[in-house]
Peer 1: 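Mind looking over this structure? Questions follow.
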Amino acid sequence: MVDLDRIRNEVFSELSPRRRRHVEGVVATSLRFAERLGVDRSKAELAALLHDMCKEWPPERQAEVLRRHRDTLWLDYDANLWHAPCASYIARERFGVEDPLVLEAVYYHTTGRAAMSPLDLVLWVADYVEPSRDFPGVEAARALAEVDLYAAFCHGVRETILELAWEEEKIFPLALDAYNACVRRRRRQTESAEDE
């Protein structure tokens with residue numbers, strides 16, 4: 001049995017006030033989105049609490065976790081991504097979280113993936129649009145999320161990839177897989193609408 005109060009206290013004790021405010025925003029937004037999609041609210045809350053638990057760790061500490069789990073592909077990409085798989089591994093080790101849906105949502109919350117589960121989608125979009133986020137275009141993303149979470153996810157993945165390409169940064173393969181899945185889905189929808 002997972003102790004949410006213990007997890008909240010321990011996770012928050014390692015986060016700056018700014019990061020705590022972000023996590024609280026992701027929890028609240030995830031719970032709202034979970035209700036809409038029929039996702040288990042306790043899983044959405046747990047994934048949201050855990051998702052950034054390693055975000056403020058030094059890169060060396062995150063890299064050690066990834067090496068220990070022989071998940072070193074991440075180390076060839078921007079260190080800002082490492083906290084996601086790191087948090088998934090630490091959630092199991094420190095808090096005994098065994099639910100694969102929760103662990104996967106945490107693992108993929110920075111990149112997304114081609115086959116997003118409903119819980120993946122809830123966490124990814126909540127992390128992208130929660131109230132403390134302040135980047136150009138966030139209001140449009142929030143408006144889209146109110147109508148269609150998957151559309152908001154595809155919008156966010158596309159914008160993230162465009163930004164990385166513009167900055168000549170490497171793009172993690174899972175993000176490209178997610179983008180390609182969005183394109184395939186959009187084409188199927190267009191073709192289906194044309195057939196009617």
Side-chain angles (χ1 to χ4, degrees), residues 11 19 21-55 71 73-74 77-91 97 99-165 169 171-186:
V11 167
R19 184 61 50 190
R21 194 167 42 255
H22 165 69
V23 171
E24 287 169 348
V26 175
V27 169
T29 306
S30 289
L31 288 172
R32 200 162 52 81
F33 290 163
E35 187 83 29
R36 278 179 36 202
L37 285 191
V39 168
D40 184 311
R41 287 172 51 88
S42 63
K43 292 183 183 193
E45 182 175 13
L46 179 58
L49 276 175
L50 294 167
H51 84 284
D52 270 359
M53 65 185 289
C54 302
K55 177 75 175 179
D71 194 4
L73 176 63
W74 295 89
Y77 294 84
D78 192 298
N80 285 319
L81 298 175
W82 301 355
H83 71 280
C86 196
S88 181
Y89 294 128
I90 296 301
V97 175
D99 187 321
L101 291 176
V102 171
L103 295 173
E104 289 172 3
V106 171
Y107 188 93
Y108 296 109
H109 87 266
T110 57
T111 60
R113 59 177 166 163
M116 294 286 281
S117 74
L119 182 56
D120 292 351
L121 201 56
V122 163
L123 180 59
W124 199 100
V125 178
D127 187 32
Y128 191 63
V129 302
E130 63 86 16
S132 75
R133 289 287 195 195
D134 183 21
F135 58 85
V138 71
E139 290 303 329
R142 285 187 184 121
L144 197 54
E146 292 306 318
V147 178
D148 184 337
L149 284 187
Y150 194 80
F153 166 70
C154 292
H155 169 83
V157 167
R158 184 184 66 235
E159 293 300 310
T160 302
I161 286 174
L162 287 171
E163 184 179 331
L164 290 170
E169 295 289 336
I171 299 168
F172 198 84
L174 287 169
L176 292 171
D177 291 346
Y179 172 77
N180 289 335
C182 289
V183 170
R184 283 193 298 274
R185 181 174 166 148
R186 171 68 77 187

Peer 1: Going from NE2 on His83 to CG on Asp52, what distance comes out if it is rounded to the nearest 0.5 angstrom?
Peer 2: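 The CG atom of Asp52 is 4.0 Å from NE2 of His83, to the nearest 0.5 Å.
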
Peer 1: Are the side chain of Thr111 and the backbone N or O of Ala175 linked by a donor-acceptor pair below 3.5 Å?
Peer 2: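 Not a single qualifying donor-acceptor pair exists.
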
Peer 1: Quick one: list whatever passes salt bridge (Lys or Arg N to Asp or Glu O under 4.0 Å) with Arg113, sequence neighbours left out.
Peer 2: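 Result, salt bridge (Lys or Arg N to Asp or Glu O under 4.0 Å) vs Arg113: Glu104, Asp120.
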
Peer 1: Please name all residues satisfying side-chain hydrogen bond (donor to acceptor under 3.5 Å, both in side chains) with Arg32, sequence neighbours left out, ordered by chain then number.
Peer 2: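 By the side-chain hydrogen bond (donor to acceptor under 3.5 Å, both in side chains) rule, Arg32 matches Glu146.
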
Peer 1: Can you list everything that forms a side-chain hydrogen bond (donor to acceptor under 3.5 Å, both in side chains) with Tyr128? Sequence neighbours excluded, please.
Peer 2: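 Result, side-chain hydrogen bond (donor to acceptor under 3.5 Å, both in side chains) vs Tyr128: none returned.
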
Peer 1: Quick one: list whatever passes side-chain hydrogen bond (donor to acceptor under 3.5 Å, both in side chains) with Arg158, sequence neighbours left out.
Peer 2: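 By the side-chain hydrogen bond (donor to acceptor under 3.5 Å, both in side chains) rule, Arg158 matches His155.
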
Peer 1: If I take atom CG from residue Leu81 and atom CG from residue Leu174, how far apart are they, to the nearest 0.5 angstrom?
Peer 2: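 If I round to the nearest 0.5 Å, the distance is 9.5 Å.
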
Peer 1: Applying side chain to side chain contact (heavy atoms under 4.5 Å, CB included), can you list everything that pairs with Glu169, at least two apart in sequence or on another chain?
Peer 2: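 In terms of side chain to side chain contact (heavy atoms under 4.5 Å, CB included), with neighbours along the sequence ignored, Glu169 is linked to Asp78, Leu164, Glu167.
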
Peer 1: Who pairs with Glu163 by side-chain hydrogen bond (donor to acceptor under 3.5 Å, both in side chains), at least two apart in sequence or on another chain?
Peer 2: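 With neighbours one apart ignored, the set is empty.
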
Peer 1: Could you work out, with ring-ring contact (aromatic ring centres under 6.0 Å, His included) as the rule, every residue matching Phe172, not counting sequence neighbours?
Peer 2: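 Only Trp74, Tyr77 meet the ring-ring contact (aromatic ring centres under 6.0 Å, His included) criterion with Phe172.
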
Peer 1: Other residues, nucleotides and ligands only: do more than 12 of their heavy atoms fall within 6.0 Å of CZ on Arg186?
Peer 2: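 For Arg186, atom CZ is not crowded (no more than 12 foreign heavy atoms under 6.0 Å).
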
Peer 1: Locate the shortest heavy-atom distance separating Ala181 from Ala114; write the atom from each residue and the value.
Peer 2: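 Here Ala181 and Ala114 meet closest at CB-O, 3.6 Å.
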
Peer 1: In Å, rounded to the nearest 0.5 Å, how long is the span from OG of Ser30 to CH2 of Trp124?
Peer 2: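 Answer rounded to 0.5 Å: 13.0 Å.
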
Peer 1: Listed by chain and number, what are the salt bridge (Lys or Arg N to Asp or Glu O under 4.0 Å) partners of Arg41, not counting sequence neighbours?
Peer 2: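 In terms of salt bridge (Lys or Arg N to Asp or Glu O under 4.0 Å), with neighbours along the sequence ignored, Arg41 is linked to Glu35.
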
Peer 1: Look at the SG atom of Cys182 and the SG atom of Cys154, then say if they are under 2.5 Å from each other.
Peer 2: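 Bridged: Cys182 to Cys154.
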
Peer 1: Provide the closest heavy-atom pair for Lys55 versus Asn80 in the form atom of the first, atom of the second, distance.
Peer 2: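 Scanning both residues, the minimum pair turns out to be NZ-O, 3.8 Å.
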
Peer 1: Just do the side-chain contact (heavy atoms from CB on, under 4.5 Å) check on Thr160 and Tyr179 with the steps written out, would you?
Peer 2: CA-CA 10 Å; Thr160 302; Tyr179 172 77; over 6 Å; no

Peer 1: Heavy atoms only: give me the nearest Ile90-Cys54 pair and the separation to one decimal.
Peer 2: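 Shortest heavy-atom contact: CG1-SG, 4.0 Å.
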
Peer 1: Applying side-chain contact (heavy atoms from CB on, under 4.5 Å) to Val102 and Val97, what does each step give before you reach the verdict?
Peer 2: CA-CA 8 Å; Val102 171; Val97 175; 4.1 Å; yes

Peer 1: If every non-hydrogen atom of Val129 is compared with every non-hydrogen atom of Ala145, which pair is closest and at what distance?
Peer 2: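 For Val129 versus Ala145, the nearest heavy atoms are CG2-CB, 4.4 Å.
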
Peer 1: Run through Val138, Val23, Thr29 and flag the one making a side-chain contact (heavy atoms from CB on, under 4.5 Å) with Glu130.
Peer 2: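 Looking at Val138, Val23, Thr29, the match for Glu130 under the side-chain contact (heavy atoms from CB on, under 4.5 Å) is Thr29.
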
Peer 1: Side-chain contact test, heavy atoms from C-beta onward, threshold under 4.5 Å: evaluate it for Arg133 versus Asp127 and give yes or no.
Peer 2: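 A side-chain contact exists here, since the closest heavy-atom pair is under 4.5 Å.
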
Peer 1: Minimum heavy-atom separation for Ala126 and Val26, please, with both atom names.
Peer 2: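 The answer is CB-O, 3.9 Å.
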
Peer 1: Tell me, please, which residues at least two apart from Lys43 pass salt bridge (Lys or Arg N to Asp or Glu O under 4.0 Å).
Peer 2: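 With neighbours one apart ignored, the set is Asp99.
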
Peer 1: Taking ring-ring contact (aromatic ring centres under 6.0 Å, His included) as the test, write out the residues that go with His22, two or more places apart.
Peer 2: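 Only His51 meet the ring-ring contact (aromatic ring centres under 6.0 Å, His included) criterion with His22.
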
Peer 1: Where is the tightest heavy-atom contact between Leu144 and Ala151, given as atom of each residue plus distance?
Peer 2: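 In terms of heavy atoms, the two residues are closest at CD2-O, 3.5 Å.
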
Peer 1: Just how far is it from atom CG of Leu162 to atom CD1 of Ile171, taken to the nearest 0.5 Å?
Peer 2: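 These two atoms lie 8.5 Å from each other.
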
Peer 1: Can you list the residues that meet the ring-ring contact (aromatic ring centres under 6.0 Å, His included) rule with Tyr108, with sequence neighbours excluded?
Peer 2: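 Checked Tyr108 against ring-ring contact (aromatic ring centres under 6.0 Å, His included); zero matches.
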
Peer 1: Residues two or more places apart in sequence or in another chain: which of them pass salt bridge (Lys or Arg N to Asp or Glu O under 4.0 Å) with Glu24?
Peer 2: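 Glu24 satisfies salt bridge (Lys or Arg N to Asp or Glu O under 4.0 Å) with no other residue.
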
Peer 1: For Phe153 and Leu149, run side-chain contact (heavy atoms from CB on, under 4.5 Å): C-alpha distance rounded to whole Å, both residues' side-chain angles, the deciding distance at 0.1 Å, then the answer.
Peer 2: CA-CA 6 Å; Phe153 166 70; Leu149 284 187; over 6 Å; no

